[in-house]
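These notes are about the structure you will find just below.
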Amino acid sequence: MTTSGYNAKAYAAAAATSPLARTTIRRREPTARDVRIEILFCGICHSDLHYARNEWRDVLPAAYPCVPGHEIVGRVAKVGPGVARHKVGDLVAVGCLVDSDHTCPNCQAGLENFCPNLTLTFGSVDRHGTAPVTFGGYSDSIVVDERFVLRVPSNLNPAGAAPLLCAGITTYSPLRRFGVGKGKKVGIVGLGGLGHMGTKLARAFGAHVVVFTTSPSKTEDAQRLGAHEVVVSRNADEMKKHAGSFDFILDTVAADHDINQYLNLLRLEGNLTLVGAPPKPLALSSFALIFGNRSVSGSNIGGIPQTQEMLDFCGQHGITADVEVIPVQKVNEAWDRLVKADVKYRFAIDMASLGAE
Ligand code: NAP
Ligand code: ZN
């Protein structure tokens, strides 16, 4: 099926080794169920970079041109005749998903993130045929099925709300699944985009929060963001003090690292959940699991109903990401800083800068 389209401005990578550059892409005119959104801000997730540089080639090979971006906040500019949930002028958001089959058991359960026919915001086959693949949020507009368009609470700053759409839901979902709250000791590993959201959310849920960082310079920030304690993970003595004491640890690290040293910090039947997605497999010590009946899990973003629940929770508690707002022309520089763990604590691209080009 091919629908009529229009030209949109975007930043794209032409190949794994190319920097992002200004380009023009085709978007479809809204069909009956669609919402066209003028993008105000788009967060920069480490997944944008893993994917566009084809670091995940063994699992999820990249398609080019690649327009990354799945932390999108904007205003509704146009709606199709069948759209009931959103109207022109609303402040809305889009995360990692833009469509699914709507009918499978997972979709029916609100777990669209596990639909076998899901459409990711960028790099998936475009089921409307407007372009070979879907194009993400490093762009001035996007057209999305209304089911995948979220409402942004009006008290939240739009730039700070953008990262909630990936960093927010990806940490909210496992923290809820493992019952993180009052009386629980929780570790957050890595203080980047996901880690700083995990810290804020675990604190808001009432848990005792410990941040593990490789960057001693982030200690004060970690406390300001909600950590009761901060551990510099390269210091073996500091690590030892916490042996066998955690109910739950959320690992957000984007690069190769030793997870066994964290497993040893879990109490009996404690769980470590990986949300970080380093390209290479991690080494797992069976003894670190066996001694203590511990478990390791993974967690993949979250479904649409839980994403709305997370946004509403953040609205009620005034929670947003700490963002460094940049013009789109600085995006390559921002990606280089992301690799060096030099971001406090999420970049958000101000899309008005794209309009100026
Ligand atoms: P990020 O902002 O770059 O944060 C990652 C943090 O990991 C860094 O700030 C750093 O924290 C730590 N780190 C980096 N290199 C390290 C190393 N060599 N050893 C130990 N720690 C290191 O990245 P992000 O956007 O939060 O994403 C984190 C990971 O989650 C990425 O792999 C991303 O693809 C993945 N992700 C997964 C999902 C999902 O659904 N599961 C969703 C979104 C993202 P310190 O300086 O504090 O050590
Ligand atoms: Zn992401």
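What's counted below: heavy atoms across the whole structure, side chains too, no hydrogens, waters or symmetry copies. Remember, it's 1-based here, ligands and their atoms both numbered in the order they're listed.
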### Task
Verify the cluster assignment for L194 and I349: are they in a single hydrophobic cluster under the rule of side-chain heavy atoms below 4.5 Å apart?
yes

### Query
So, is I44 polar-close to ligand 1, with some N/O to N/O distance under 3.5 Å?
no

### Task
Find all atoms of ligand 1 within a distance of less than 4.0 Å from any non-hydrogen atom belonging to C166, and give their numbers and elements.
42 (C), 43 (C)

#### Entry: Shortest reach to atom 15 (N) of ligand 1 by a heavy atom, considering only S217, A255, A167
A255

### Summary
Quick look: S299 vs ligand 1, heavy-atom contacts under 4.0 Å, and the answer is backbone

### Message
Report whether any nitrogen, oxygen or sulfur of C96 sits less than 2.8 Å from the Zn ion (ligand 2) (N, O or S, backbone or side chain).
### Response
no

#### Entry: Numbered atoms of ligand 1 (with element) below 4.0 Å of V253, judged on heavy atoms
7 (O), 13 (N), 16 (C), 20 (C), 21 (N), 22 (C)

### Query
Looking only at N/O atoms, are A277 and ligand 1 under 3.5 Å apart anywhere?
yes

#### Entry: Gap between atom NZ of K184 and atom CZ of F248 - 0.5 Å precision
10.0 Å

### Task
Using heavy-atom distances, let me know which of N113, V275, V339 sits nearest atom 37 (C) of ligand 1.
V275

### Nearest candidate to atom 29 (C) of ligand 1, where distance is taken over non-hydrogen atoms, out of T252, T171, D221, L274
T252

#### Entry: Proximity winner for atom 38 (C) of ligand 1, if only heavy atoms of N300, I188, T170 are counted
T170

### Query
Does some non-hydrogen atom of W56 fall short of 4.0 Å from ligand 1?
yes

### Task
State whether H70 contributes an N/O/S atom found under 2.8 Å from the Zn ion (ligand 2).
yes

### Task
Hey, could you give me the CG/CG distance between L289 and N260, rounded to the nearest 0.5 Å?
7.5 Å

### Task
Please confirm whether F205 and Y172 have ring centers closer than 6.0 angstrom.
yes

#### Entry: Angle at the Zn ion (ligand 2) (to 10°), with one arm to SG of C45 and the other to SG of C166
130°

## Note on the structure
Test side-chain contact (heavy atoms from CB on, under 4.5 Å), reference L225, set V230, V209, D322, output is D322

### Task
Hey, can you tell me if F148 and H102 have their rings parallel, tilted or perpendicular (30° and 60° cut-offs)?
perpendicular

### Query
Within 45° of the axis and under 6.0 Å from the centre of the six-membered ring of Y51, does NZ or CZ of R57 qualify?
no

### Query
Parallel, tilted or perpendicular: which describes the rings of F212 and F246, with under 30° parallel and over 60° perpendicular?
tilted

### Message
Judged on heavy-atom distance to atom 9 (O) of ligand 1, which of H46, R234, K218 sits nearest?
### Response
K218

#### Entry: Option nearest atom 46 (O) of ligand 1 (shortest heavy-atom distance, choices P163, G195, S215)
S215

### Task
Identify, by atom number and element, the atoms of ligand 1 in contact range of R346, meaning under 4.0 Å from any of its heavy atoms.
24 (P), 25 (O), 26 (O)

### Message
Using a 3.5 Å cut-off on N or O atoms only, is H257 in polar contact with ligand 1?
### Response
no

### Query
So is there a nitrogen or oxygen of L191 less than 3.5 Å from a nitrogen or oxygen in ligand 1?
yes

### Task
Take the angle between the ring planes of F287 and F291 and call it parallel below 30°, perpendicular above 60°, tilted in between.
tilted

